[in-house]
Amino acid sequence: EINGLPAMQESVMVVGFPTGGDNVCVTKGVVSRIDRSNYSHGRTTLLAIQVDAAINSGNSGGPVLLGDHVVGIAFQCLTSGENIGYIIPVPVINHFLEDLERNSGKYTGFCELGISWQSLENPDMKAALAMPKKMTGVYITKTEPMYDSHKQLEAGDVLTHFNGVEIADDGTFLFREAVRINFGHLVSQAFHGDVAHVKVWRNGQHLSLPVQLSTPQQLVPVHSHDVRPSYFIYGGLVFTPLTSWYLRSVYGTDWSCKAPIKLVEK
């Protein structure tokens with residue numbers, strides 16, 4: 001069965017066929033971190049579990065076992081460190097499977113709120129916003145026009161709650177005992193078209209607002225799996241749409257540092 005979420009310092013087994021042999025390989029490690037992390041395969045930030053088990057090329061897609069349950073899927077490692085591997089946890093797996101069921105086999109993706117924000121850990125900022133002493137939240141600096149939040153939220157609002165969950169001044173919420181993660185996880189667990197109820201502090205008032213969530217519609221695709229790249233040749237010049245995978249193929253894995261800034265910022 002695929003269920004469960006391992007606790008910190010709990011031992012898990014990673015099964016796969018990494019480089020170095022032909023037989024199945026089983027490695028063991030402990031859970032060292034539960035947090036949102038960047039998924040290199042899709043350029044998306046989602047919940048991930050960090051383990052110190054060896055996860056090498058060939059392990060990706062292999063099950064991560066805790067007792068007689070599958071608690072995740074091995075999928076990437078941090079090449080600049082030692083024994084830092086990541087697994088896709090059950091909440092993300094279940095969201096993907098339910099997404100397919102809801103949309104007759106079509107995958108829509110993970111929702112985003114469509115805002116930019118900064119922390120409110122500075123007491124002087126909270127005082128300037130006339131926030132009550134025990135109120136916490138994050139300061140919204142920008143709303144994206146392609147999202148419904150652009151109609152409801154404003155730059156200058158303080159986002160204090162998402163679906164009844166209190167947001168701390170650093171943008172985290174209590175995920176489980178002694179574990180706090182970014183509130184973006186709450187947004188990512190919703191589905192395209194769901195309506196979330198948020199609370200904001202605006203002009204000295206605490207307001208409750210409905211916001212319809214959606215998956216990002218980006219001008220520059222973050223992934224293009226199973227799709228042939230399109231191009232147009234004219235007079236010896238080759239034109240192709242800008243994608244993150246094109247930048248990766250031309251400038252390498254650290255393309256975000258090496259590619260022209262005018263392309264990266266898009």
Side-chain angles (χ1 to χ4, degrees), residues 1-101 105 107-112 175-182 184-189 191 215 221-227 244-245 248-249 252-256:
E1 294 182 359
I2 302 177
N3 62 45
L5 192 67
M8 298 288 288
Q9 295 300 308
E10 201 161 18
S11 296
V12 296
M13 290 190 302
V14 179
V15 183
F17 294 89
T19 55
D22 296 326
N23 294 334
V24 65
C25 176
V26 180
T27 57
K28 188 177 182 180
V30 299
V31 174
S32 54
R33 180 180 292 162
I34 301 176
D35 201 358
R36 278 166 53 88
S37 181
N38 183 267
Y39 280 38
S40 60
H41 192 58
R43 304 295 297 176
T44 305
T45 302
L46 297 171
L47 185 68
I49 298 177
Q50 180 181 314
V51 296
D52 64 0
I55 296 179
N56 299 304
S57 297
N59 269 126
S60 295
V64 179
L65 308 176
L66 176 61
D68 58 353
H69 292 87
V70 174
V71 294
I73 300 173
F75 77 113
Q76 68 182 23
C77 66
L78 188 64
T79 55
S80 58
E82 294 183 1
N83 296 332
I84 301 178
Y86 296 92
I87 64 176
I88 302 174
V90 169
V92 178
I93 298 172
N94 286 340
H95 184 283
F96 170 74
L97 296 176
E98 187 175 343
D99 190 11
L100 294 177
E101 292 180 357
Y107 170 68
T108 60
F110 292 84
C111 292
E112 294 182 4
F175 178 66
R176 54 167 34 175
E177 185 178 359
V179 177
R180 301 190 67 90
I181 62 175
N182 188 282
H185 172 68
L186 299 171
V187 182
S188 67
Q189 288 300 286
F191 294 90
T215 54
V222 293
H223 62 76
S224 51
H225 309 302
D226 303 324
V227 178
S244 63
W245 287 102
R248 182 188 183 99
S249 67
T253 55
D254 54 347
W255 58 266
S256 58

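A perpendicular orientation is assigned to the rings of Phe175 and His185, their planes being inclined by more than 60° (bins at 30° and 60°).
Atom CG of Asp254 sits in a crowded spot, with more than 12 heavy atoms from other residues, nucleotides or ligands closer than 6.0 Å. Sparse packing is recorded around CZ of Arg33, with 12 or fewer heavy atoms of other residues, nucleotides or ligands lying under 6.0 Å away.
Interatomic distance, OG1 of Thr45 versus CZ of Phe110, reported as 12.0 Å (0.5 Å rounding). Here Thr108 contributes atom OG1 and Leu100 contributes atom CG; the two are 8.5 Å apart, rounded to the nearest 0.5 Å. Rounding to the nearest 0.5 angstrom, the gap separating the CE atom in Met13 from the CG atom in Leu65 is 5.0 Å. Interatomic distance, Ile84 CD1 to Gln76 CD, rounded to the nearest 0.5 Å: 11.5 Å. Between the CZ atom in Arg248 and the CH2 atom in Trp255 there is a gap of 9.5 Å [rounded to 0.5 Å]. Here the CD-OG distance, from Gln50 to Ser37, works out to 8.0 Å after rounding to the nearest 0.5 Å.
Counting all heavy atoms, side chain and backbone alike, Val71 lies closest to Asn3 at CG1-O, 3.5 Å. Smallest separation of non-hydrogen atoms from Ser11 and Lys28: CB-CE, 3.7 Å. The two residues Leu47 and Pro91 make their nearest non-hydrogen contact at CD2-CG, 4.2 Å. Here the closest non-hydrogen pair linking Ile55 and Val51 is CD1-CG2, 4.1 Å. Annotation for Val26 and Val15: closest pair CG2-CG2, 4.2 Å, computed over non-hydrogen atoms. In terms of heavy-atom proximity, Ala54 sits nearest to Thr27 at O-OG1, 3.4 Å.
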Next on the checklist: Between Arg176 and Ile34, is the side chain to side chain contact (heavy atoms under 4.5 Å, CB included) condition met? List the steps.
Outcome noted: CA-CA 10 Å; Arg176 54 167 34 175; Ile34 301 176; 3.9 Å; yes
Checklist entry - Does the side chain to side chain contact (heavy atoms under 4.5 Å, CB included) test come out yes or no for Val92 and Ile73, once each step is laid out? => result CA-CA 10 Å; Val92 178; Ile73 300 173; over 6 Å; no
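Looking only at side-chain heavy atoms (C-beta outward), Ile88 and Phe96 stay at 4.5 Å or farther from each other. Between Val24 and Phe17, some side-chain heavy-atom pair lies under the 4.5 Å cut-off.
The closest donor-acceptor contact from the side chain of Asp99 to the backbone of Tyr107 lies at 3.5 Å or more, if one exists at all.
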